[in-house]
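Working notes for the structure below.
Since this is a predicted model, take the numbers as computed values, not measurements. Lettering follows sequence order; numbering is per chain, from 1.
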Number of protein chains: 2
Amino acid sequence: MKQGVTAKDVAKLAGVSQSSVSRVYFEGASVSAKTKEKVLAAAEELGYRPNEFARSLITNQSKIIGLVMKGVQNPFYPQVLKLFTTSLKKHGYSVLFVYTNNDEIQKEDIEILFNYNVAGVVITDASLSLSVTEDFIKYQIPLVLFNRKIDNNKFYSVCCNNYEASKRIAEYLLSIGCTKMIYISGNENTSTSRERERGFSAMLQGSKVHYQKYSSDYTYEGGYNIACEIIEEKQLPDAFFVANDIMALGVVDALKDHQIAIPNETKVIGFDNIEMAAWPTYNLTTWEQPITEMVEETVKYLLNELEEYSGEAKNLEIDGSLILRKTT
Amino acid sequence: MKQGVTAKDVAKLAGVSQSSVSRVYFEGASVSAKTKEKVLAAAEELGYRPNEFARSLITNQSKIIGLVMKGVQNPFYPQVLKLFTTSLKKHGYSVLFVYTNNDEIQKEDIEILFNYNVAGVVITDASLSLSVTEDFIKYQIPLVLFNRKIDNNKFYSVCCNNYEASKRIAEYLLSIGCTKMIYISGNENTSTSRERERGFSAMLQGSKVHYQKYSSDYTYEGGYNIACEIIEEKQLPDAFFVANDIMALGVVDALKDHQIAIPNETKVIGFDNIEMAAWPTYNLTTWEQPITEMVEETVKYLLNELEEYSGEAKNLEIDGSLILRKTT
DNA sequence: TTCATTTCTGCATACGTATGCAGAAAATAT
DNA sequence: ATATTTTCTGCATACGTATGCAGAAATGAA
């Protein structure tokens, strides 16, 4: 009972061949209006839907995009997931979701995607191990790194322009008179965190600003703890630039817990503009990632590659904008 | 180049038949150790992986579970997504993710799941339209409603024991001397919110407590706004019981913005125990949903049904526990 | 050793769809 | 009207795997 009606059943009822039924559901195939009508009527009556497996077996390509995600706890990514699912659905694609614990994607994380002949893959916050890299190229499966880039010039990536954004942030902090600044990084082996630091420090270069970097891990607790350390070491700066919002919220809370007034005694800027940054308790100044546009660009690239594989490698960087709130 | 090696290629290299290759990868089939070894060696050399589509076409059942989710913004659900993906992967299943906007799942939301012959479906925070109900039964596809229940006695659901939990919450608030209480509901057409109210008010019944219900929508803004209204109407209670944490955080922030001291002037209890509830700024007293156990039970049911379909319908309710923090 | 039993293997076919090909039907031209 | 082109259709086959069946190989019993 599982697989109910097949194209054959529909064909019989409509009085046509199975091929004709197939052609009705295959975009671009040539069918007469009359046949189409008959088939659709029969299909409706029987409740027919083409079997995607059989279809993929023939075409050797599925309508599935693999989405690999790590930082599910950071509200930024569920938002990304939502946008991807919605956008891909519009184009007839579905999302096979893969959660990973690894910063660097391993073969076992994604072999399932290959087994399902996914049409393409998006990896949102992780990089690639070498063997995985090879597989993507070998099987010519379009891949986009989202919010991470990779320096091997073999894949397409879509990020916010982290370098420029961070320069603008530094510029802004200088303009309001900060002279002692701290950058709190995320995982240091992520391109995102490194780029943000690079832009930030580049802009401070040559100025008389006292600048220090501390390392953390992109989590709220990470931000909270490192801020506590800094406070206890009496290293309080004029301003914190924190590599993402969720850590920044941790920093803000640590400061509050130590009765340090924001923005009077010190300032905090985050990155991402997650929903919570706008909440009244936080009111966090931050950089807005152009997330909708980033997703659209990713989908656009994927669809192009599916149309005709080029293997184009490029780091697409999209601007964003500074959102001024009450922590600066 | 897309689909590289097939079982036939492996067979040739290993000097056996395609059937034997198939049997090596099919659990429970009978193959000699020698053949198995030869096949695995050849497969390793060629990089063979069985094509899931062809496989599903034969068995008429995929290793895919459809996961339908609505409230992606509420941190509770990404956590659920993570746990499901992890648990299902252990059992060899993958997750086809579907995002929906609808409180009530429509045919178009999930027809894709049927096209892919999903082995089972989990719907996390939505109910079902009638036609969808029928399809699940007709095609005998196991379905679990997660964190929602449905009163038609046709499906399995897994929830926290919302009724008992809410009674316990009321009991606790009574025990600390609250005499004026407000319940803030989520979407009122969700079983979850209704059950929580039912338990809460049942326990207050007969006591001299002044009790009122206000309606909201399970979002932070919803909680924030309704709390502002309540404050402006000078209806401030001794305690708020809020149908979920994310709204409760909104309530807390609204109270803070009005300089109302928590827990001295009023108290707040949420529901879910999302990560943020433990953050120092909030320190929210809440009810912990036994989320890991809920997910495990869901997976267990699905696997049983896949073993042998029973269509068992039941509302499984699992306890949880009161987490006391600083808002009470 | 020989025979009975069990375990394994290859053959052939099936799953539901897409598609090249050749011929039928329809449309257009003459 | 016929001839020519175009559009459509059915037939047959292919995709990569699983599986019933019958026979081969291995094992155990005597």
Side-chain angles (χ1 to χ4, degrees), chain A residues 1-40 42-43 46-64 92 112 114-119 139, chain B residues 1-40 42-43 46-64 92 112 114-119 139:
Chain A
M1 188 55 205
K2 279 277 194 165
Q3 166 76 31
V5 279
T6 73
K8 210 188 278 180
D9 302 328
V10 176
K12 196 181 289 174
L13 180 60
V16 299
S17 72
Q18 178 267 321
S19 318
S20 291
V21 175
S22 170
R23 283 188 256 261
V24 168
Y25 289 88
F26 190 81
E27 209 168 343
S30 116
V31 227
S32 71
K34 208 159 75 182
T35 308
K36 189 166 185 176
E37 196 184 345
K38 279 194 292 185
V39 167
L40 288 178
L46 299 176
Y48 169 75
R49 296 264 103 213
N51 180 321
E52 289 292 337
F53 288 132
R55 186 170 260 192
S56 300
L57 185 57
I58 298 279
T59 60
N60 204 7
Q61 207 214 235
S62 72
K63 288 287 199 174
I64 297 181
I112 191 67
F114 288 95
N115 296 358
Y116 278 110
N117 264 349
V118 289
Y139 295 117
Chain B
M1 188 55 206
K2 279 279 195 164
Q3 165 78 29
V5 281
T6 72
K8 209 187 280 179
D9 302 327
V10 176
K12 196 180 290 174
L13 180 60
V16 299
S17 73
Q18 178 267 320
S19 317
S20 291
V21 175
S22 170
R23 282 188 258 261
V24 168
Y25 288 88
F26 189 80
E27 209 170 343
S30 114
V31 228
S32 70
K34 208 158 76 182
T35 309
K36 190 166 184 176
E37 196 183 344
K38 280 194 291 184
V39 167
L40 288 178
L46 298 176
Y48 169 75
R49 295 264 101 214
N51 180 319
E52 288 292 337
F53 288 132
R55 186 170 258 194
S56 300
L57 186 56
I58 297 281
T59 61
N60 204 5
Q61 207 214 234
S62 72
K63 289 286 200 175
I64 297 181
I112 191 68
F114 288 96
N115 296 358
Y116 278 111
N117 265 347
V118 289
Y139 295 116

Would you kindly give the [atom1]-to-[atom2] distance between [X] and [N], to the nearest whole Å?
{"X": "Lys12(A)", "N": "dG10(D)", "atom1": "NZ", "atom2": "C1'", "value": "16 Å"}
{"X": "Arg55(B)", "N": "dG16(C)", "atom1": "CZ", "atom2": "P", "value": "18 Å"}
{"X": "Lys8(A)", "N": "dA18(C)", "atom1": "NZ", "atom2": "P", "value": "14 Å"}
{"X": "Gln61(A)", "N": "dC15(D)", "atom1": "CD", "atom2": "C1'", "value": "14 Å"}
{"X": "Tyr25(A)", "N": "dT17(C)", "atom1": "OH", "atom2": "P", "value": "10 Å"}
{"X": "Asn51(A)", "N": "dA14(C)", "atom1": "CG", "atom2": "P", "value": "18 Å"}
{"X": "Asn60(B)", "N": "dT17(C)", "atom1": "CG", "atom2": "C1'", "value": "14 Å"}
{"X": "Glu52(B)", "N": "dT17(D)", "atom1": "CD", "atom2": "P", "value": "10 Å"}

Under 3.5 Å, which protein N or O atoms sit close to an N or O of nucleotides 19-28 of chain D? Give each pair with its distance.
{"from": "dT19(D)", "atom 1": "O4", "to": "Ser19(B)", "atom 2": "OG", "distance (Å)": "3.2"}

Suppose we screen for side-chain contact (heavy atoms from CB on, under 4.5 Å). Which residues come up paired with [X], at least two apart in sequence or across chains?
{"X": "Val31(B)", "result": "Arg23(B), Val24(B), Thr35(B)"}
{"X": "Ile112(A)", "result": "Val98(A), Asn115(A), Tyr116(A), Ser94(B)"}
{"X": "Thr59(A)", "result": "Gln61(A)"}
{"X": "Tyr25(B)", "result": "Val21(B), Val39(B), Leu40(B), Ala43(B), Tyr48(B), Pro50(B), Arg55(B)"}

Within less than 4.0 Å of OP1 or OP2 of [N], is there a side-chain N or O belonging to [X]?
{"X": "Thr6(B)", "N": "dG16(D)", "result": "no"}
{"X": "Tyr116(A)", "N": "dG16(D)", "result": "no"}
{"X": "Ser30(B)", "N": "dC8(C)", "result": "yes"}

Out of curiosity, [X] [atom1] to [Y] [atom2], how far, rounded to the nearest 0.5 Å?
{"X": "Asn51(B)", "Y": "Ser56(A)", "atom1": "CG", "atom2": "OG", "result": "8.5 Å"}
{"X": "Leu13(A)", "Y": "Lys8(A)", "atom1": "CG", "atom2": "NZ", "result": "15.5 Å"}
{"X": "Gln18(A)", "Y": "Asp9(A)", "atom1": "CD", "atom2": "CG", "result": "10.5 Å"}

>> Applying a 4.0 Å non-hydrogen cut-off, can you work out what Val16(A) is touching in the nucleic acid: base, sugar-phosphate, or nothing?
In response: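 Sugar-phosphate contact only.
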>> For a quick check of understanding: with a heavy-atom distance under 4.0 Å over all strands, which category does Val31(A) fall into, base, sugar-phosphate or nothing?
In response: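 Here Val31(A) touches the backbone only, sparing every base.
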>> Go nucleotide by nucleotide along DNA chain C from the 5' end; which of Leu57(B) and Lys36(B) gets its closest nucleotide reached first?
In response: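 It is Lys36(B), whose closest nucleotide lies nearer the 5' terminus.
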